[in-house]
There are 2 protein chains.
Amino acid sequence: MAGAHSTQGAPATLHDVAREAGVSLATASRSLNGSTRKVNEEYRQRVLTAAAKLNYSPNLSAQAVARGTTTTVALLVADIADPIFSQIAAGVVREADRERLVVTVAATDRDPERELELVRTMRGQRPRVLILAASRREDDPHNTALEAELRAYEANGGRVAFVSATDLDFRTVRVDNRIGAEALARELTGLGYRRFAAITGDDGIRTADERLAGFRAGLEAGGGTLERVVRQDFTRDGGYEGMRRLIEQGLDGIELVFAANDVMAVGAMSAVRDAGLTPGADVAVAGFDDVPIVRELTPPLTTVRTPLEEVGRRALRLALGDATEEDEAPVRTEVVLRASTPGRASTRDAEQVPTA
Amino acid sequence: MAGAHSTQGAPATLHDVAREAGVSLATASRSLNGSTRKVNEEYRQRVLTAAAKLNYSPNLSAQAVARGTTTTVALLVADIADPIFSQIAAGVVREADRERLVVTVAATDRDPERELELVRTMRGQRPRVLILAASRREDDPHNTALEAELRAYEANGGRVAFVSATDLDFRTVRVDNRIGAEALARELTGLGYRRFAAITGDDGIRTADERLAGFRAGLEAGGGTLERVVRQDFTRDGGYEGMRRLIEQGLDGIELVFAANDVMAVGAMSAVRDAGLTPGADVAVAGFDDVPIVRELTPPLTTVRTPLEEVGRRALRLALGDATEEDEAPVRTEVVLRASTPGRASTRDAEQVPTA
DNA sequence: TTGAAAGCGGTACCAT
DNA sequence: ATGGTACCGCTTTCAA
């Protein structure tokens, strides 16, 4: 029977509670929120009872001003509806919840200028932590301004964490992009593929670059060649357009197209079908990230699993400073071979390749 | 050359700005944030200059305490990573951004108890708006407590908006679930389908119930029969399990399975394939919502388009109270016929059906 | 118009 | 341990 009694007009304040309990403001505060308990148990009970009766809930804003610190985590993503970012966000929210922190989200729509603007706006919240998960370009003209902004924020006691690598020197959740892509390429050459193309993000997007570099290295080791590289937006439509162009120019011997992330890969597969070809049969496709949906495609997509929720959780831990050693290490990725890259039995060296 | 000068240790306060500009606190406040401008232009400029120089950014928490009102929108979803909710969230965030409001998110994980808990927690933020987008059950035991909580919140000046219908009487963004499902059923019978099954959410989930009821009505009108109904979680795995059971029991003449949302439909299609059958050919499948990914499936999924981002935007407008007449009307849905429900030419009354 | 000062809801120091 | 009180950063009334 906890009465929702504060139906008056304004929520009960600590003052109300103190009065109701017949104790001082200070005691009420200590009973309710004070860290080290040094309150007479009887008083304490009276305060708790009064608080319950009045349906008291401490005003976070007021606590924030008084304490000089908030319980807010500010999260910046490129696009909330994008499965990659929504998974990361889910991880951040889950971890924040454990730490009793509140998460605020904003979307940059992949516009660096907007990102900078948003970071500036977010300062008003005085968030304890600022997580930047919108994939960024290394050579963006706004970078210096962004860095200045973030440094100032840190100087004021804020903690910054990036989700994918940048050239900016802040705490960063690193993903084994290079290693994962290299492993993928090795597996693919092991399956008998030799001639490749890649659809990737703009030059300068670190994630894309790392994945491409890793893929290249793996091909080299495995005897494959990367015959063409198309750069597009890091989106479904970018992937579609990239594949469309590849096909338009003539696939012409290319056996497999690697898209630098799954969202692009989805678009790429769609373009293959729209061209009247069959993904997997006419041209193999591989992606990166293993977002849940790609298992459901036909054929299911070969990709490199990235534990995106874990990435989100880590970003928060890292920013908070209570990262374990494990948290500091790059996030491991894992190749997942599926039917979009069937084995090419016909190729000469299609021998068994250990999946290790 | 806007100097990020506040590299001291704490962000510049309005006090600092006032001193720097050689004016009073009040004047500084009025110049920077005051609504009606009644400040001498010269002073005003001095304040603005000082603010820029000190890289001043008003402390939102402090403003909230002083004003007695925040600029926060609290959003509750079932699961941020779920494409349905992430799209709604994207809409809320976008609209909030327009209104210069900050969005905080939390996930209920579909647990009504947790939802109640979260609502209570959120009170601490004193959000101006609380949007509940986690699909709820009508008969949940926590409902009365939730309602009490929300009423109290409203009594304190808060605005509540629900995203899908409940029996709770609050502002609600209504979706044409019934009409959409009915239209879908009509189209499907028009295509020659006669024998149906449905996979839906638990009885009591309004969205699921409305869609099922609409579908039933449409079948009746079109001469189809709903031979079986399976109830499962409103998730991908729920859809999978539902279809698995249907197949296990023997499809046995059922031509088309309607899943009450696309996420379930995705799971259902997967189960069809895992059973060695071909969706669309052996059994047709239809969903609801038209999340972006279902176009990409093989076969592409027939569904009922729901403008989810718009739903999110509306929820905020509705809560804010600046909803237009259009905003008050139910959100229109639209049948999208795709290859997962091919026309059945063989059926006797497979005549032309106007798509109107 | 401007500035002094009284709050807003809390926290935390300092005597008692 | 408890209560009085200064103070957090900002808004807003009230006089001047």
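In what follows, every heavy atom counts, from backbone to side chain, and hydrogens, waters and symmetry copies are set aside.
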Out of D:dT5, C:dG9, D:dT11, minimum distance to the side chain of A:Thr13 belongs to C:dG9
Donor-acceptor pair, distance only, cut-off 3.5 Å: does the side chain of [X] make one with the backbone of [Y]?
X        : Y        : answer
A:Arg126 : B:Leu60  : no
B:Thr49  : B:Val47  : no
A:Tyr153 : A:Pro127 : yes

Under 4.0 Å, counting only non-hydrogen atoms across every strand here, what does B:Ser29 touch: a base, just sugar-phosphate, or nothing?
base
Any chance the side chains of B:Thr70 and B:Gln125 put a donor and an acceptor closer than 3.5 Å?
no
Rounding to a whole Å, what distance do you find between [X]:[atom1] and [N]:[atom2]?
X        : N      : atom1 : atom2 : answer
B:Leu25  : C:dA4  : CG    : P     : 9 Å
B:Leu14  : C:dG7  : CG    : P     : 20 Å
B:Asn33  : D:dG9  : CG    : P     : 15 Å
A:Arg30  : C:dT11 : CZ    : P     : 11 Å
B:Asp16  : D:dC10 : CG    : C1'   : 13 Å
B:Gln125 : C:dG9  : CD    : C1'   : 16 Å

Which is more 5' along DNA chain C, the nucleotide nearest A:His15 or the one nearest B:Thr27? Just name the residue.
B:Thr27
Starting at the 5' end of DNA chain C and moving along, which residue's nearest nucleotide shows up first, B:Ser24 or A:Ala26?
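By nearest-heavy-atom nucleotide position, the 5'-most residue is B:Ser24.
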Below 4.0 Å: OP1/OP2 of D:dT2 and any side-chain N or O of A:Asn40
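Answer is yes, contact under 4.0 Å.
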Looking at B:Arg136, B:Arg137, B:His142, which hits side chain to side chain donor-acceptor pair (under 3.5 Å) with B:Asp140?
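The option that passes is B:His142.
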Give a yes or no on whether a donor-acceptor pair under 3.5 Å exists between the nucleobase atoms of C:dG9, that is its base, and the side chain of B:Arg126.
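Check fails, no donor-acceptor contact within cut-off.
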For A:Asp327 and A:Arg313, run salt bridge (Lys or Arg N to Asp or Glu O under 4.0 Å): C-alpha distance rounded to whole Å, both residues' side-chain angles, the deciding distance at 0.1 Å, then the answer.
CA-CA 10 Å; A:Asp327 290 334; A:Arg313 284 202 293 272; over 6 Å; no
Hey, is A:Glu149 close enough to A:Arg123 for a salt bridge, meaning N to O under 4.0 Å?
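Yes, charged N to carboxylate O under 4.0 Å.
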In residues 56-68 of chain A, which ones come under 4.0 Å of DNA chain D, going by heavy atoms?
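A:Val65, A:Ala66, in order of number.
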